K.L.:
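Quick one: structure below, then a few questions.
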Amino acid sequence: MARKSDAERVQEWAKRLEASDQAYKKWEDEYQTKTLWEYYLGHQWKKDNSLDPSGNPRYTINLIFPTIETQLPSKLFYHPKYLIRPTPTMTQTPGSNAEGRARLQEDTLNSFVRDSRLQFKSETFLALLESNFRFGVIEVGYSADWIDNPNAGKPILKENSAEEVKDSEGNPVLSPSEIIKQERVYFKRIPAAQFRVSAKCHNQLSRCDWVAYFEWHYPEDLKRNRRYKNTTNVKSTGRVQGADSPPSFDDSEQEAEHRNMVKVWKIFDLRAKKRYDLGEGNEKFFLEEALDLWEDGTPVVPFAALQPHPRLDEFYPLPPVFNWISPQDELNETREMQKVHRKRFMRKFIADQSIAPEEIAKWEQPIDGLLLRGKVDGIQPISDAPLDPTVVRNIPQTKEDFREISGVSGEQRGIAEAETATQANIIDISSRIRETKAKDQISSWLAEIGKLALYFIRKRMVLPFWVALNTDMQAQGAPLQAMQVVEGYMQIKAEDLDGVDTEVTVDITSLSPTHESQERQDWIQALAIVTDPVRAPILLASDVLLRKTLGLFNIRNEKEIAELRAFGVATLQMLMMSQQPKASPGGGAERPQPGPTPSREETAGQIQRQLPTARM
């Protein structure tokens, strides 16, 4: 079979993108994703019904915004703490330094994540926010800035030597025409409205046939891109013309907003293991290259998608806010009825025509109400139309419906709802279970991002870079280690991270704002356990029992375990020495009188007061 031309392949991809775009818009209309975002912003009345008959904005109580704002801090508040452990097969190899290499990978990844220039926290936060209305997508990749090489064409010399570097055929290796000036790993949020998957899709991106997203660029920027080709005749706001009819995956509103720009599709074909960059209106690809591959040969999908509520065998999920719309509308309509009733039915009076004008003037002086003339005995107030009491009674039920659907209790909002301590405890436990499930889902998503970042650091980066080491400056040998680093930093190369298979996870407790206080409490309790005169000797004598016990307090660091063991042994030795009988003046041993046994709280307090002294 003859190889297809570039124009024919472009037409094939145009049809695929059109089919995918139609599937996305069907999902977008079904779940009202644009409306969900408007509700979050407080625009909860339809545009043609946003004003009441008097021209005033209708009453709006936005429960969606505070609900999401209540949930977000418990899901992702701080920079995540990545944990990297070698696979069991690596740790069982005799003489293996897998633990040390895994720790270096861990320090490297955490250093990149905390680099403010990479905007990791802001990009992941925006993706997490968008997952409430659509889904969140983060792209992880590698980029570099190139400059002209002043030594282009000259032989490359070996390090610290005048000898030339030779290739396999014995010829000298020449310096390239361009060299890398700066390189980086980037984290970029891809708006869900610009992300597409193949018609044959799955909950997992890696099981789709292809994934793609589009961006808008100026033609001159495309022409300046060193990696792009076929950009000489690029057209702005162009369309890829189909064989039968032009595709309609252009949005007219976006065309108006991005006039004189080009929509560029970045396509990742997972079956062919290739990437294509396609500009609408072009008959050739701007870019065509092979995808990165994992060790098992499968293509690297540089995207991590967050779908809080997936639909079976579909990539596009169920947006959480979709089920909040009905109680939100019900509450707004109820409060609008109350507002209308309060404004319409003001006090009004009817005056008989026989009443003298000066008497009427007395009534009109305070200007408290509107005076109407008519046939009536004297002056009588006009009764207000009664408001159906069911309108007011429905408000608590509507709020209860919203709380049940959203899963955010009043206690989480700072409002006590449970009548008894038992009820409050049950509600709190249920709430924590739901929060833990959401945190676990987010930690898996962040771990996937970290795994991709570590891959590009190891496989793509060429220049040396600095890594903040997780050095325990109080540990034994720390001064010697400090001589090898500068303020806890080390310069390494990407190849220093190879040679070990690892698993990337995220410490779920690091995502919560209560992480520091919980870690402090766990540490104090661990200190109390290793110094308990009854239990500590047994724990310190058994490596398994000690690690198991400290692991329940989230203490798994090898240096921390070793220091806690040394601290416990030293404390017990001091306690035993203080209890030894002192010699009396007559030569006999003076037995000290037994004192009261300190409680666990007193022991923990004494240890905490001694900590500053122990650090010095």
Side-chain angles (χ1 to χ4, degrees), residues 72-73 75-84 105-145 180 182-197 204-206 211-217 225 227 264 266 268 275 277 291-292 294 299-308 439 441-463 465-468 492 494 497 502-508 510-511:
L72 286 177
K75 294 179 179 179
L76 183 60
F77 192 76
Y78 295 120
H79 282 104
K81 179 182 178 182
Y82 281 98
L83 305 175
I84 298 182
Q105 290 185 9
E106 181 178 299
D107 294 339
T108 300
L109 183 56
N110 284 316
S111 295
F112 274 81
V113 166
R114 285 169 172 77
D115 190 342
S116 59
R117 296 170 296 179
L118 302 182
Q119 299 294 318
F120 175 89
K121 185 175 181 180
S122 60
E123 293 295 311
T124 52
F125 179 82
L126 291 175
L128 175 60
L129 175 63
E130 188 173 24
S131 67
N132 290 282
F133 319 103
R134 291 184 176 93
F135 51 89
V137 178
I138 291 291
E139 180 187 14
V140 185
Y142 166 86
S143 64
D145 298 330
I180 296 176
Q182 186 179 6
E183 59 182 352
R184 69 190 68 85
V185 171
Y186 64 84
F187 305 95
K188 182 173 67 174
R189 167 186 160 263
I190 305 299
Q194 299 174 203
F195 193 82
R196 302 290 184 270
V197 296
Q204 300 282 341
L205 279 177
S206 59
V211 298
Y213 71 93
F214 67 83
E215 291 181 327
W216 292 89
H217 296 276
N225 193 326
R227 300 176 62 199
V264 178
K266 300 182 179 181
F268 298 78
R275 170 181 168 173
D277 284 16
L291 293 177
D292 290 278
W294 296 107
V300 175
V301 185
F303 304 100
L306 178 61
Q307 306 148 295
K439 287 181 182 178
Q441 189 177 41
I442 292 171
S443 67
S444 299
W445 173 60
L446 294 173
E448 187 176 357
I449 296 174
K451 182 180 179 181
L452 291 170
L454 188 59
Y455 172 86
F456 287 110
I457 293 172
R458 294 171 56 188
K459 301 299 182 181
R460 291 290 191 90
M461 298 197 74
V462 178
L463 302 177
F465 50 89
W466 290 91
V467 171
I492 66 173
L497 305 176
T502 54
E503 299 174 350
V504 181
T505 58
V506 172
D507 183 6
I508 193 172
S510 67
L511 307 179

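Computed from a predicted structure; not experimentally measured. Note: hydrogens, waters and symmetry copies are ignored here, and every other heavy atom, side chains too, is used.
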K.L.:
May I ask you to test the Gln194-Trp216 pair for a side-chain heavy-atom distance under 4.5 Å?
P.N.:
no

K.L.:
Would you say the side chain of Arg196 lies within less than 4.5 Å of the side chain of Phe214, judging by non-hydrogen atoms?
P.N.:
yes

K.L.:
Give, for atom CG of Asp115 and atom CG of Asn110, the distance between the pair rounded to the nearest 0.5 Å.
P.N.:
12.5 Å

K.L.:
Taking only Lys NZ, Arg NE, NH1 and NH2, and the carboxylate oxygens of Asp or Glu, determine whether Asp292 and Arg460 approach each other closer than 4.0 Å.
P.N.:
yes

K.L.:
Using 0.5 Å steps for rounding, measure from the CG atom of Leu126 to the CD1 atom of Ile138.
P.N.:
8.0 Å

K.L.:
Do Ile84 and Leu454 touch side chain to side chain, with heavy atoms closer than 4.5 Å?
P.N.:
yes

K.L.:
To the nearest 0.5 Å, what is the distance between CD on Gln105 and OG1 on Thr502?
P.N.:
4.0 Å

K.L.:
Locate the shortest heavy-atom distance separating Glu106 from Tyr82; write the atom from each residue and the value.
P.N.:
CG-O, 3.3 Å

K.L.:
Indicate the atoms forming the closest heavy-atom contact of Glu139 with Ile190, along with that distance.
P.N.:
OE1-CD1, 3.7 Å

K.L.:
If I compare all heavy atoms of Pro302 with all of Phe268, which pair ends up nearest, and what's the gap?
P.N.:
CG-CE2, 3.7 Å

K.L.:
Please enumerate all residues that pass ring-ring contact (aromatic ring centres under 6.0 Å, His included) together with Phe125, with sequence neighbours excluded.
P.N.:
none

K.L.:
Output the distance between atom OG1 (Thr108) and atom CZ (Arg458), rounded to the nearest 0.5 Å.
P.N.:
10.5 Å

K.L.:
Which atom names give the shortest non-hydrogen contact between Gln307 and Gln441, and what distance separates them?
P.N.:
O-NE2, 3.0 Å

K.L.:
To the nearest 0.5 Å, tell me how far Leu128 CG sits from Ile442 CD1.
P.N.:
4.5 Å

K.L.:
Looking at every non-hydrogen atom in both residues, tell me the closest pair between Val185 and Met461 and how far apart they are.
P.N.:
CG2-SD, 4.1 Å

K.L.:
Fit a plane to each ring of Phe135 and Phe195, take the angle between them on a 0 to 90° scale, and name the class: parallel (under 30°), tilted (30 to 60°) or perpendicular (over 60°).
P.N.:
perpendicular

K.L.:
Between CZ of Arg184 and CZ of Phe456, what distance do you get to the nearest 0.5 Å?
P.N.:
14.5 Å

K.L.:
A side-chain contact here means heavy atoms from C-beta on lying under 4.5 Å apart; do Phe112 and Phe120 qualify?
P.N.:
no

K.L.:
With sequence neighbours left out, what residues match Pro299 under side chain to side chain contact (heavy atoms under 4.5 Å, CB included)?
P.N.:
Leu270, Lys273, Leu291, Leu293

K.L.:
Decide yes or no for Arg189 and Glu130: does some side-chain heavy atom of the first lie under 4.5 Å from some side-chain heavy atom of the second?
P.N.:
yes

K.L.:
Identify the two heavy atoms, one from Val504 and one from Ala447, that lie closest to each other, and give their separation to 0.1 Å.
P.N.:
O-CB, 3.7 Å

